[in-house]
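Sequence lines set the chain letters: A, B, ... in the order given, protein chains first and strands last, and positions in each chain run from 1. Only heavy atoms go into these numbers, but all of them, side chains included; no hydrogens, no water, no symmetry mates.
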Protein chains: 2
Amino acid sequence: MKANQPRAKASDRPESRTSPALKTPLRRPRGLKTRQAILRKAVNLASVEGLEGLTIGKLAAALRISKSGLFAHFGSKEDLQCAVVEAAREIFVEKVVRPAYEFRGLKRLQALCENWLSYGEGKVFPGGCFFSAASLEFDDRPGRVRDRIVELMKKWLGNLEQAIHDAQIAGEIKNEVDARQLAFEIQALAMGANWSSRLFRDPSAFGLIRGAILQRIEQATGSVQSRE
Amino acid sequence: MKANQPRAKASDRPESRTSPALKTPLRRPRGLKTRQAILRKAVNLASVEGLEGLTIGKLAAALRISKSGLFAHFGSKEDLQCAVVEAAREIFVEKVVRPAYEFRGLKRLQALCENWLSYGEGKVFPGGCFFSAASLEFDDRPGRVRDRIVELMKKWLGNLEQAIHDAQIAGEIKNEVDARQLAFEIQALAMGANWSSRLFRDPSAFGLIRGAILQRIEQATGSVQSRE
DNA sequence: TAATAGAACGAACGATCGTGCTATTGTCTG
DNA sequence: CAGACAATAGCACGATCGTTCGTTCTATTA
């Protein structure tokens, strides 16, 4: 974890790779490509073995690349982990968030849920939802990785909540519904589906939960409903 | 992970410590005591760092004990992990399951939920619910540890489902309710509360979810409810 | 064509991992 | 008190961890 602390010279050249603005603004065709290839494999590996279980040696071996060559793309393991989180985020946004933003209000909420479910169900990540695993793995590990994960999860919950709120304004969801709570319940159910499907190797979990979530949304849209 | 596989002689003496029946049926006062002390610390450490992040060296250091002295209590790291899972199970049963079994039917279900919530809320494990973390960590790691976790989680879900079923027979919960699905939803909400409270350092998550679960149960017990 | 910058490599570092021996302690029995 | 035996410590092992260093290869630029 904190191996070889005495000599930590990686951060002495603070922005050797992250600030390309010196002479040529963008010109590293080979480096960028391999970096992306590394991250693609790394995200998949990390979704299975965890972000901490993701090892530079194993990752390099999986890519048939030298450890040092791989390492040079990131200044430290923490940097690599951050980059992996970012790469996973891009995939998540691409598959779940963006398509839903073609709609508004209730339709957007439904699209967010549906997209999440097929994201979890399909083999987007071989180890199931990356963020479910990562957020539970890092909830007790202070650092940049944890901070970023917290940020992203808050944003995701905020997206759900905002969609619910918009649907309320549009009159599609009852005003008594607590948007924050409903968003949270949906998220919990979705993560539960992922959990069950991974742990029990039971793909039917998503079907079950799809029903539960739809029922929960219908309940919020009106019709009868018991409010005790 | 699989360090030093060539020489694996630990399992050659299969039951040197687990079968006490030879001459004296029960006489290892010191050994058992330290073993339990080890496991108590190990469970706490594992709930924070994960079952794989739990390291023999760190555990020994935390107990001010030699690595080899600790190691002798278990034949391998996998054995240690299994023992940790078992120790966590005992705590869980003690705090959550057993007290609820003084009741029957709906009351038992309510007690199971309430006990789980205060188990997650209180500092039973310093890293939050042990099994939420462990089951997500090991969902892709085949082996005895995973098998046992699966077994335990199935049993726990079965307990919830059975309580619901009993409540249905007693006429306390409506017959149309799908016991398996309700059990699953409750479990998902509970794990969601744990997730949120750990990740966002927000203890109010449990209050929110307590309300959601109670609402969900009330909905199942009757009154109005929309079944569209 | 020569100079140069970036990308990848091989080897090695100190630390720590899980594990295996062997010796020493401590405790109970005869 | 001596011996037996369980419990623990000491020490070492091979492997792998994250990291650094100096070198080589490759491609663009002067």
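Between the NZ atom of B:Lys58 and the C1' atom of D:dC17 there is a distance of 12 Å, rounded to whole Å. At whole-Å resolution of the value, CZ in A:Phe71 and C1' in D:dT16 are 15 Å apart. Rounded to whole Å, the distance from CD on A:Glu78 to C1' on D:dC17 is 16 Å. Across the protein-nucleic acid pair, A:Ile65 atom CD1 and D:dC25 atom C1' stand 14 Å apart, rounded to whole Å. One interatomic measurement links the two molecules: CD of B:Glu49 to C1' of C:dC17, which rounds to 14 Å at whole-angstrom precision. Nucleotide C:dA8 holds its P atom 11 Å from the CZ atom of A:Phe74, rounded to whole Å. Rounded to an integer number of Å, the gap from A:Lys33 NZ to D:dA27 P is 13 Å. Rounded to a whole Å, the CG atom of B:Leu80 is 13 Å from the C1' atom of C:dT19.
By the ring pair (Phe, Tyr, Trp, His ring centres under 6.0 Å) test, B:Phe200 pairs with B:Trp195, sequence neighbours left out. Residues forming a ring pair (Phe, Tyr, Trp, His ring centres under 6.0 Å) with A:Phe206 (at least two apart in sequence, or on another chain): none.
The side chain of A:Ile56 has D:dT19 as its nearest neighbour among D:dT8, D:dT19, C:dG18. Distances were taken from every side-chain heavy atom of A:Ser68 (C-beta onward) to each of C:dT19, C:dA8, C:dA11; the shortest belongs to C:dA11. The listed nucleotides are C:dA8, C:dC9, D:dT8; the one nearest the side chain of A:Thr34 is C:dA8.
A cation-pi arrangement, defined by a distance under 6.0 Å to the six-membered ring centre and an angle within 45 degrees of its axis, is present between B:Arg141 and B:Phe138.
Between A:Gln110 and A:Glu114, the side chains place no donor N or O within less than 3.5 Å of an acceptor N or O (distance only, hydrogens not considered).
Taking only distance into account, the side chain of B:Ser66 never meets the base of D:dG10 through a donor-acceptor pair shorter than 3.5 Å.
Between A:Arg108 and A:Glu102, no side-chain nitrogen of the basic residue sits less than 4.0 Å from a carboxylate oxygen of the acidic one, so the salt-bridge criterion is not met.
Each of B:Arg64 and B:Lys67 has a nearest nucleotide on DNA chain D; the 5'-most of these lies closest to B:Arg64.
Taking side-chain N and O atoms only, A:Thr55 has a distance below 4.0 Å to OP1 or OP2 of D:dC17. Not one side-chain nitrogen or oxygen of A:His73 sits closer than 4.0 Å to the OP1 or OP2 atom of C:dG6.
Within the nucleic acid shown, B:Leu70 has no heavy atom closer than 4.0 Å to any nucleic acid atom.
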